[in-house]
There are 2 protein chains.
Amino acid sequence: MKRNTWQREAVREALDGTEGFISAQALHSALHASGSPIGLATVYRALGDLASTGEADSLQSPDGEALYRACSTTGHHHHLICRNCGLTVEISAEPVEEWAKGVAAEHGFTQAAHVVDVFGLCAACTKLQAGA
Amino acid sequence: MKRNTWQREAVREALDGTEGFISAQALHSALHASGSPIGLATVYRALGDLASTGEADSLQSPDGEALYRACSTTGHHHHLICRNCGLTVEISAEPVEEWAKGVAAEHGFTQAAHVVDVFGLCAACTKLQAGA
DNA sequence: CTGGTTTTGACAATCATTATCAATTAGCTA
DNA sequence: TAGCTAATTGATAATGATTGTCAAAACCAG
Ligand SMILES: [Zn+2]
Ligand SMILES: [Zn+2]
Ligand SMILES: [Zn+2]
Ligand SMILES: [Zn+2]
């Protein structure tokens with residue numbers, strides 16, 4: 001059975017307290033910085049569990065590391081992410097869901113999943129950049 | 001200046017002769033298997049160059065490795081990929097393009113880019129799996 | 001409490017990718 | 001064609017993220 005440990009709870013809370021997506025390494029550092037003696041392997045395991053139970057969302061950063069986030073939306077959704085400050089907006093995309101399902105079926109593909117993320121500069125970062 | 005070496009040409013040709021997306025490691029193995037003494041670092045460099053000049057498309061596999069493919073479509077497009085055999089179909093996604101642009105604008109995001117890939121089991125692999 | 005099972009964490013192992021850097025080579029020039 | 005020189009190569013080391021190992025510690029049902 002699945003047990004409740006303070007480590008798992010710590011990871012869950014740390015993730016909840018983080019605005020954007022964060023890597024396992026970074027979350028581990030943050031926990032250490034706040035005095036937690038949690039081990040790195042445990043953070044990896046906890047994040048993996050959270051992701052597999054749907055309590056956390058994960059995506060691959062453009063440079064290939066896995067990033068995690070505790071999303072407020074429970075169902076399937078996607079993200080609009082500021083590539084500068086990490087600000088993340090959860091978005092639903094019905095038309096995209098339909099499209100993905102349709103295009104897979106059209107080509108005889110089954111068990112289709114999709115990766116859909118939009119990266120950009122948020123309003124604040126756009127302003128900053130304009131000023132620079 | 002940029003020089004033409006048989007190594008770069010070998011990588012280009014090997015990529016052209018590959019149906020789906022392939023990793024740098026796998027392409028290097030394939031080249032070796034066919035008798036080429038090309039070095040691994042060179043394959044990485046060549047693929048990186050091809051990707052940056054747009055001659056090849058690249059994406060992050062779900063488990064975080066970079067995959068490359070010589071696409072026939074020159075313009076912007078997306079992919080429907082068999083997660084078992086790698087079979088890849090190039091697809092256009094006008095509705096998704098519109099949606100991505102719109103959702104970014106709605107939230108005040110600028111310089112929006114997007115990652116859109118569909119993974120599934122192709123018809124052949126679906127049949128195989130059913131038989132197993 | 002206690003025992004059996006799960007989880008942890010320090011550390012090693014793996015894997016992809018990048019950095020080094022001496023030796024090689026493409027492509028220009030005379 | 002021979003020589004020059006900067007770009008390129010490749011063996012290898014280094015890096016960095018992630019996973020495997022396994023004895024010790026922690027949960028929790030009874
Ligand atoms: Zn921002
Ligand atoms: Zn979706
Ligand atoms: Zn297939
Ligand atoms: Zn697109």
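Being a predicted model, the structure only gives us computed values, none of them experimental. Naming convention: chains lettered A, B, ... in sequence-line order (proteins, then strands); numbering from 1 in each chain.
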Does the ring centre of [Y] sit less than 6.0 Å away from the ring centre of [X]?
X: B:H114; Y: B:H76; value: yes
X: A:F119; Y: A:H79; value: no
X: B:Y44; Y: B:H28; value: no

(Q) Please confirm whether the shortest side-chain N or O distance from A:Q7 to OP1 or OP2 of C:dG9 is below 4.0 Å. (A) yes
Q.
Strictly below 4.0 Å: does A:S23 bring a side-chain N or O up to OP1 or OP2 of D:dA17?
A. no
Q.
The side chain of A:Q25 is closest to which nucleotide in this list: D:dC27, D:dT18, C:dT8?
A. D:dT18
Q: Using a strict 4.0 Å threshold on nitrogen-to-oxygen distance, state whether B:K101 and B:E98 make a salt bridge.
A: no
Send over the distance from [X] [atom1] to [N] [atom2], rounded to a whole Å.
X: B:E65; N: C:dC15; atom1: CD; atom2: C1'; value: 9 Å
X: A:R8; N: D:dA26; atom1: CZ; atom2: C1'; value: 12 Å
X: A:H28; N: D:dT19; atom1: NE2; atom2: C1'; value: 15 Å
X: A:Q60; N: D:dA17; atom1: CD; atom2: P; value: 13 Å
X: A:N4; N: D:dA25; atom1: CG; atom2: P; value: 22 Å
X: A:E9; N: D:dC27; atom1: CD; atom2: C1'; value: 15 Å
X: B:W6; N: D:dT9; atom1: CH2; atom2: C1'; value: 9 Å

Q: For A:M1 and for A:A66, locate the closest nucleotide of DNA chain D by heavy-atom distance; then report the residue assigned to the nucleotide nearer the 5' terminus.
A: A:A66
Q: Specify the closest pair of heavy atoms between A:H107 and B:I91, including all atoms of both residues, with the distance to one decimal.
A: NE2-CG2, 4.2 Å
(Q) Which heavy atom of A:A104 sits nearest to which heavy atom of B:V118, and what is that distance? (A) CB-CG1, 4.5 Å
(Q) I need the residues from residues 34-50 of chain A with at least one non-hydrogen atom less than 4.0 Å from DNA chain C; give them sorted by number, or say none. (A) A:I38, A:G39, A:A41, A:T42, A:R45
Residues [X] and [Y]: side-chain donor-acceptor under 3.5 angstrom:
X: A:S72; Y: A:E90; result: yes
X: A:E97; Y: A:H77; result: no
X: A:Q25; Y: A:S23; result: no

Short heteroatom pairs, N/O only, protein and nucleotides 1-5 of chain D, under 3.5 Å:
none

